[in-house]
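Written out below as structure tokens is the structure these notes cover.
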Amino acid sequence: MKEQHEKSRNPMIRLITLIALLGLISGCATVPRGAEDPRDPLQGFNRSMYQFNDSLDKAIIKPVAKGYRTVVPHPIDYGITNAFGNLQDVVTTINDILQLKLLQAGSDAVRVLVNSTMGLLGLFDVATEMGFTKHREDFGQTLGYWGVGEGAYLVLPVLGSSTIRDTVGIIVDVNFDPLIKYHNVSTRNAMLTLKLVDTRADLLSASKVLQQAALDPYDFVKEAYFQQRDNDIQNGDPQPPSNHTPPEK
């Protein structure tokens, strides 16, 4: 029974791993050499997955997010977003340490402590008001910080844009996430669904910009993703390090 329980705890890990492998196989089989974007050798697979995600979003996720935005009062919506952000700060703190950003790790650890107590389990972002700036670090950034290449662009089901490196990062980060570790499966799944809907609701205005600005939404999203990830890894400095040691932060 224990073994079965452990196997069922992280279905997203198995799903992401399977999709990554299928992406490699499908991309190698369907995309000819000399593709226009060398970062995207799996474009045949990725465009199909992008269309799947877009259809799923239009049919289910976006309408639910709109209903959520309409029904849930702004203060409650803000508190829910803060609570999930507080859990993300745990993942960030661990990756701070892995990147040897010890001062930032201390600051982010204090954020978790303050918001989990004074902020009522993260519903209120008291730490920011006290001067502890919020950061976001993940294991994909950690790998990039230590010089691991991003690998091919990869569109994941529901999660969207990624790379081979960042997909590995997701697999590692879910094992740091307190929400994923929660033992009650039904409660955990309900909270994950709420997190998805809350995140999508926060992106409703961004999706309008995408529809209005992009001649090819797929390319627009891909370029935005690469720019954002480069900025995250370089901490806003586009200049690469001058040697093989990690840049000072």
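Predicted model, so just to flag it, every value in this text is computed and none were measured.
Between Tyr218 and Tyr50, the two ring planes are perpendicular [angle over 60°; tilted spans 30° to 60°].
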Inset, instruction - Verify side chain to side chain donor-acceptor pair (under 3.5 Å) between Asp198 and Tyr68, making sure each step is shown before the conclusion. - result: CA-CA 8 Å; Asp198 178 71; Tyr68 171 87; 3.0 Å; yes

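Linking Ile, Leu, Val, Met, Phe, Trp and Tyr whenever their side-chain heavy atoms come within less than 4.5 Å puts Leu194 and Leu87 in one cluster. Criterion: ILVMFWY side-chain heavy atoms under 4.5 Å apart, direct or through other members. Under it, Leu123 and Met130 are part of a common hydrophobic cluster.
Looking only at side-chain heavy atoms (C-beta outward), Tyr145 and Asn95 stay at 4.5 Å or farther from each other. Between Thr167 and Leu156, the closest side-chain pair of non-hydrogen atoms falls below 4.5 Å. For the pair Leu204 and Lys66, the minimum side-chain heavy-atom distance is below 4.5 Å. Contact of the Leu159 side chain with the Pro157 side chain is not registered, since no non-hydrogen atoms from C-beta on lie closer than 4.5 Å. Considering only heavy atoms from C-beta on, Ile180 stays 4.5 Å or farther from Asn175 through its side chain.
No side-chain donor from either of Arg229 and Thr163 sits under 3.5 Å from a side-chain acceptor of the other.
Between Arg47 and Asp54, none of the side-chain N atoms (NZ, or NE/NH1/NH2) sits under 4.0 Å from a carboxylate O, so this pair counts as no salt bridge. By the 4.0 Å N-to-carboxylate-O rule, Asp125 lies too far from Lys134 to be salt-bridged with it. A salt bridge links Arg69 with Asp202: the closest approach of a Lys/Arg side-chain nitrogen to an acidic carboxylate oxygen falls below 4.0 angstrom.
Expressed to the nearest 0.5 Å, how far CE of Met191 lies from OH of Tyr182 amounts to 9.0 Å.
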